[in-house]
Peer 1: 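What follows is a structure written as structure tokens; I'll ask about it next.
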Amino acid sequence: MENTTNKKIINILLECINESLDLIRLSIKENYKISDKNNIKGDNPVTDIDHDSQNLIIKKIKENFPSHGILGEEGNELESVKSDYLWIIDPIDGTKNFINQLPLYCVSIAVFYQGTPLVGSVGIPWDSNAIIYAIKDEGIKSNFSNIKKLDNHDKPVPGIISFAPTYFQSSYEIKKDFYKNSGELRNLGATALEIALVANGNAQLALSGYAFTWDFAAGWILIKESNKGILYGNMENNKWEDINPWNKFFSNGHYDLKKMKNWRGKFVAFDRGLHDYIINNINPNGKMKKSFFRRILKSILN
């Protein structure tokens, strides 16, 4: 990889983020079509603006990097693509928030090089575009960085924000000590945004739901470059692992787009000092134990 190529990639990526956020902000009060990705009305909505955002980003990528592969949340993909580079796009992470005019959604883009995240950015449509981005081995940059007023050392501090999905008590195996120290848990409804805010210093940890590649790809490198921790949940062995679960989808110069599109998983992102606490108090697979005993345990803990 050449530094000039990396610089061009990050410049185009940031242009994509900014232009997409501007498009979304202008569109939020206009009439647009809402449809459903599954049979439950409103459960997994997608709007015309999701598609417009993704199309804008794809057009800009193809104009500047015609040989690069692209994986977007919306629409269908090829079975595979021959390229060292792959752009992974979430055109609006938090579509329900967007529909309800809550500014807790984001545009998330990552670029992989030979199966490893190279650059990533998350942009939030606040008064001015709030953008966090990172380049591999160059650290994290942000136009709204945060310095915490409280410190956590070896366990979470209730006064610092922590994120967890709505049904985390059933989808994770949680020990009692976590409830004592986690404080009030928040759920923004946008996985990429929650992880990015941990990287940016606005939160101390984020447990994810069972989500897709585009929900995690940019956040993964943001956390790595902010010198914080992110662990992948190995569901078969019910343990956390410090791995990149997507590099197996790159082989012999090709990305398996179909497998990457269908992949789902869990991550936990956290301030570095919380590593041992996470390992000792949370397991990624909450369905390993018999449900009868889990219901009794949950009733005791709650």
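Counting begins at 1 with the first residue of the sequence.
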Peer 1: Donor-acceptor check, side chain of S83 to backbone of S67, threshold 3.5 angstrom: yes or no?
Peer 2: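 Pair found, side chain donor or acceptor close to backbone of S67.
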Peer 1: Would a single hydrophobic cluster contain both I9 and L14, if residues Ile, Leu, Val, Met, Phe, Trp and Tyr are joined by side-chain heavy-atom contacts under 4.5 Å?
Peer 2: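 Per the 4.5 Å side-chain linkage, L14 and I9 are co-clustered.
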Peer 1: For the CD1 atom of I57 and the CG atom of D52, what is their distance to the nearest 0.5 Å?
Peer 2: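 If I round to the nearest 0.5 Å, the distance is 11.0 Å.
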Peer 1: Any side-chain to backbone donor/acceptor pair from K261 onto G72? Under 3.5 Å, distance only.
Peer 2: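 Present.
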Peer 1: Might you work through the side chain to side chain contact (heavy atoms under 4.5 Å, CB included) test for D154 and D276, ending with a clear yes or no?
Peer 2: CA-CA 8 Å; D154 57 357; D276 291 347; over 6 Å; no
Peer 1: Taking C-beta and beyond as the side chain, do Y32 and S27 meet within less than 4.5 Å on heavy atoms?
Peer 2: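 Answer no - side chains too far apart.
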Peer 1: Just to verify, which of V268, L205, V157, I279 counts as forming a side chain to side chain contact (heavy atoms under 4.5 Å, CB included) with L274?
Peer 2: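 Among the candidates, only L205 passes.
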Peer 1: To the nearest 0.5 Å, what is the distance between CD1 (I282) and CZ (F270)?
Peer 2: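 Result: 9.5 Å between the selected atoms.
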Peer 1: Please find the pair of heavy atoms, one from P103 and one from P125, that lie closest to each other, and give the distance.
Peer 2: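 Taking P103 first and P125 second, the nearest heavy atoms are CB-O, 4.4 Å.
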Peer 1: Can you name the nearest heavy-atom pair linking T191 to S208, along with the distance?
Peer 2: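 The answer is CG2-CB, 4.2 Å.
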Peer 1: According to side-chain hydrogen bond (donor to acceptor under 3.5 Å, both in side chains), who are the partners of N18, at least two apart in sequence or on a separate chain?
Peer 2: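 side-chain hydrogen bond (donor to acceptor under 3.5 Å, both in side chains) list for N18, sorted by chain: N129.
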Peer 1: Side chain to side chain contact (heavy atoms under 4.5 Å, CB included) with P284: which residues, sequence neighbours excluded?
Peer 2: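 Applying side chain to side chain contact (heavy atoms under 4.5 Å, CB included) to P284 gives M235, N238, W240.
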Peer 1: What pairs with E73 under side-chain hydrogen bond (donor to acceptor under 3.5 Å, both in side chains), at least two apart in sequence or on another chain?
Peer 2: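 Scan of E73 (side-chain hydrogen bond (donor to acceptor under 3.5 Å, both in side chains), adjacent residues dropped) gives K37.
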Peer 1: Looking at F168, I'd like to know if the NZ or CZ of K266 sits under 6.0 Å from its six-membered ring centre while staying within 45 degrees of the ring's axis.
Peer 2: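 K266 over F168 ring: no.
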Peer 1: Would you say E74 and P91 make side-chain contact, with heavy atoms under 4.5 Å?
Peer 2: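 Side chain of E74 against side chain of P91, heavy atoms only: contact under 4.5 Å found.
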Peer 1: According to a 4.5 Å side-chain heavy-atom criterion applied to Ile, Leu, Val, Met, Phe, Trp and Tyr, with indirect links allowed, do V46 and I99 form part of one hydrophobic cluster?
Peer 2: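 In one cluster with V46: I99, no.
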Peer 1: The criterion is side-chain hydrogen bond (donor to acceptor under 3.5 Å, both in side chains); which residues satisfy it with S53, sequence neighbours excluded?
Peer 2: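 Expected list: S20.
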Peer 1: Do K8 and N64 pass the side chain to side chain contact (heavy atoms under 4.5 Å, CB included) test, and can you show the C-alpha distance, the side-chain angles, and the key distance before you say yes or no?
Peer 2: CA-CA 9 Å; K8 183 179 180 181; N64 289 275; 3.9 Å; yes
Peer 1: Is there a side-chain contact between N227 and R272 in this structure, where contact means two heavy atoms from C-beta onward sitting under 4.5 Å apart?
Peer 2: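 Yes, their side chains come closer than 4.5 Å.
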Peer 1: Does Q114 offer a backbone N or O that forms a donor-acceptor pair with the side chain of Y255 under 3.5 Å?
Peer 2: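 Yes, Y255 side chain to Q114 backbone: donor-acceptor pair under 3.5 Å.
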Peer 1: How long is the gap from SG on C16 to CG on N11, to the nearest 0.5 Å?
Peer 2: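 Interatomic distance, C16 SG to N11 CG, rounded to 0.5 Å: 11.0 Å.
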Peer 1: Between I70 and K62, is a side chain to side chain contact (heavy atoms under 4.5 Å, CB included) present by the stated rule, with each step listed?
Peer 2: CA-CA 9 Å; I70 300 172; K62 288 183 175 180; 4.1 Å; yes
Peer 1: Can you give me the closest heavy-atom contact between I195 and A269, atom names plus distance?
Peer 2: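 That closest heavy-atom pairing would be CG2-CB, 4.1 Å.
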Peer 1: Mind checking the CD1-CD spacing from I174 to Q169? Nearest 0.5 Å is all I need.
Peer 2: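 One finds 8.0 Å between CD1 of I174 and CD of Q169.
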Peer 1: So which atom in S121 and which in L13 form the shortest heavy-atom distance, rounded to 0.1 Å?
Peer 2: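 Residues S121 and L13, closest heavy atoms: CB-CD2, 3.1 Å.
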Peer 1: Keeping H51 on the side-chain end and I49 on the backbone end, is there a donor-acceptor pair under 3.5 Å?
Peer 2: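 Not at all, since once roles are kept as given, no pair shorter than 3.5 Å links the two residues.
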Peer 1: Is it the case that the side chain of N283 and the backbone of K239 share a donor-acceptor pair, with hydrogens and angles ignored and the cut-off at 3.5 Å?
Peer 2: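 Side chain of N283 to backbone of K239: no pair is present.
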Peer 1: Under the side chain to side chain donor-acceptor pair (under 3.5 Å) definition, can you give me all pairs with a residue in residues 98-109, not counting sequence neighbours?
Peer 2: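 Output for this query is empty, none listed.
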Peer 1: Of the non-hydrogen atoms in V198 and K228, which two are nearest, and what is the gap between them?
Peer 2: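 Looks like O-NZ, 2.8 Å.
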Peer 1: Report the hydrophobic cluster partners of L26, with the cluster defined as I, L, V, M, F, W, Y residues connected by side-chain heavy atoms closer than 4.5 angstrom, directly or transitively.
Peer 2: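 Hydrophobic cluster check, L26: no partners found.
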Peer 1: Mind checking side chain to side chain contact (heavy atoms under 4.5 Å, CB included) for K259 and listing every partner two or more places apart, or none if nothing turns up?
Peer 2: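 Side chain to side chain contact (heavy atoms under 4.5 Å, CB included) list for K259, sorted by chain: F249, D256.
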Peer 1: Compare all side-chain heavy atoms of K96 with those of L102 and state whether any distance is below 4.5 angstrom.
Peer 2: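 A side-chain contact under 4.5 Å is absent here.
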Peer 1: Restricting to salt bridge (charged side-chain N to carboxylate O under 4.0 Å, His left out), what partner residues turn up for R264, sequence neighbours left out?
Peer 2: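 With sequence neighbours excluded, R264 shows a salt bridge (charged side-chain N to carboxylate O under 4.0 Å, His left out) to no residue whatsoever.
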Peer 1: Side chains of Y232 and N244: donor-acceptor distance under 3.5 Å anywhere?
Peer 2: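 Result is no, nothing qualifies.
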Peer 1: Through direct or indirect side-chain contacts below 4.5 angstrom among Ile, Leu, Val, Met, Phe, Trp and Tyr, which residues connect to L188?
Peer 2: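 Besides L188, the cluster holds L104, V122, I124, W126, I132, I140, F144, I161, F163, L193, L197, L222.
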Peer 1: If we only count heavy atoms from C-beta on, is the L231 to F267 side-chain gap below 4.5 Å?
Peer 2: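 With C-beta onward as the side chain, the pair stays apart.
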Peer 1: Does E194 reach the main-chain N or O of N187 with its side chain, forming a donor-acceptor pair under 3.5 Å?
Peer 2: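 No, E194 side chain to N187 backbone: no donor-acceptor pair under 3.5 Å.
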Peer 1: Are side-chain heavy atoms of V111 and I88 found at a separation under 4.5 Å?
Peer 2: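 In short, these two side chains do not touch, never coming nearer than 4.5 Å.
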Peer 1: Inspect the surroundings of NZ in K258 and state if more than 12 heavy atoms from other residues, nucleotides or ligands are less than 6.0 Å away.
Peer 2: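 Not buried by this count: 12 neighbours or fewer within 6.0 Å.
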Peer 1: Could you list the donor-acceptor pairs under 3.5 angstrom formed by side chains in residues 212-221, with sequence neighbours left out?
Peer 2:
unit_1 : atom_1 : unit_2 : atom_2 : d
T213   : OG1    : W246   : NE1    : 3.4
T213   : OG1    : M260   : O      : 3.1
D215   : OD2    : F212   : N      : 2.9

Peer 1: Can you find a pair of side-chain heavy atoms, one from L185 and one from F178, that are under 4.5 Å apart?
Peer 2: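 L185 vs F178: side chains touch.
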Peer 1: I need the D84 CG to L118 CG distance, nearest 0.5 Å.
Peer 2: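 D84 atom CG to L118 atom CG measures 11.0 Å (nearest 0.5 Å).
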Peer 1: For T95, check side-chain hydrogen bond (donor to acceptor under 3.5 Å, both in side chains) against everything at least two apart and list the hits.
Peer 2: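 For T95 the side-chain hydrogen bond (donor to acceptor under 3.5 Å, both in side chains) partners, ignoring immediate neighbours, are D50.
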Peer 1: Evaluate D177 against Y277 for side-chain hydrogen bond (donor to acceptor under 3.5 Å, both in side chains), listing each step before the verdict.
Peer 2: CA-CA 9 Å; D177 193 67; Y277 186 87; 3.0 Å; yes
Peer 1: Please report whether the ring centroid of W87 lies less than 6.0 Å from that of F112.
Peer 2: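 Ring centroids of F112 and W87 are no less than 6.0 Å from each other.
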Peer 1: Before you tell me yes or no, could you show the steps for N152 and Q204 under side-chain hydrogen bond (donor to acceptor under 3.5 Å, both in side chains), namely the whole-Å CA-CA distance, both residues' side-chain angles and the distance that decides it to 0.1 Å?
Peer 2: CA-CA 8 Å; N152 52 36; Q204 62 188 330; 3.0 Å; yes
Peer 1: How far apart are the closest heavy atoms of I34 and P45, and which atoms are they?
Peer 2: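 So the minimum-distance heavy-atom pair works out to CG2-CB, 4.0 Å.
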Peer 1: Given side chains that start at C-beta, do those of L257 and E79 come closer than 4.5 Å, heavy atoms only?
Peer 2: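 SC-SC contact between L257 and E79 ruled out.
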Peer 1: Closer than 4.0 angstrom, basic N to acidic O: yes or no for E138 and K136?
Peer 2: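 A salt bridge is absent here (no side-chain N lies under 4.0 Å from a carboxylate O).
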Peer 1: Could you give the distance from CD1 (I61) to CD1 (I109), rounded to the nearest 0.5 Å?
Peer 2: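 If I round to the nearest 0.5 Å, the distance is 6.5 Å.
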Peer 1: Do E241 and N234 have a side chain donor and acceptor closer than 3.5 Å?
Peer 2: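 Side-chain D/A pair, E241 to N234: present.
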Peer 1: With sequence neighbours excluded, what pairs up with K224 under the salt bridge (charged side-chain N to carboxylate O under 4.0 Å, His left out) test?
Peer 2: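 K224 satisfies salt bridge (charged side-chain N to carboxylate O under 4.0 Å, His left out) with D242 only.
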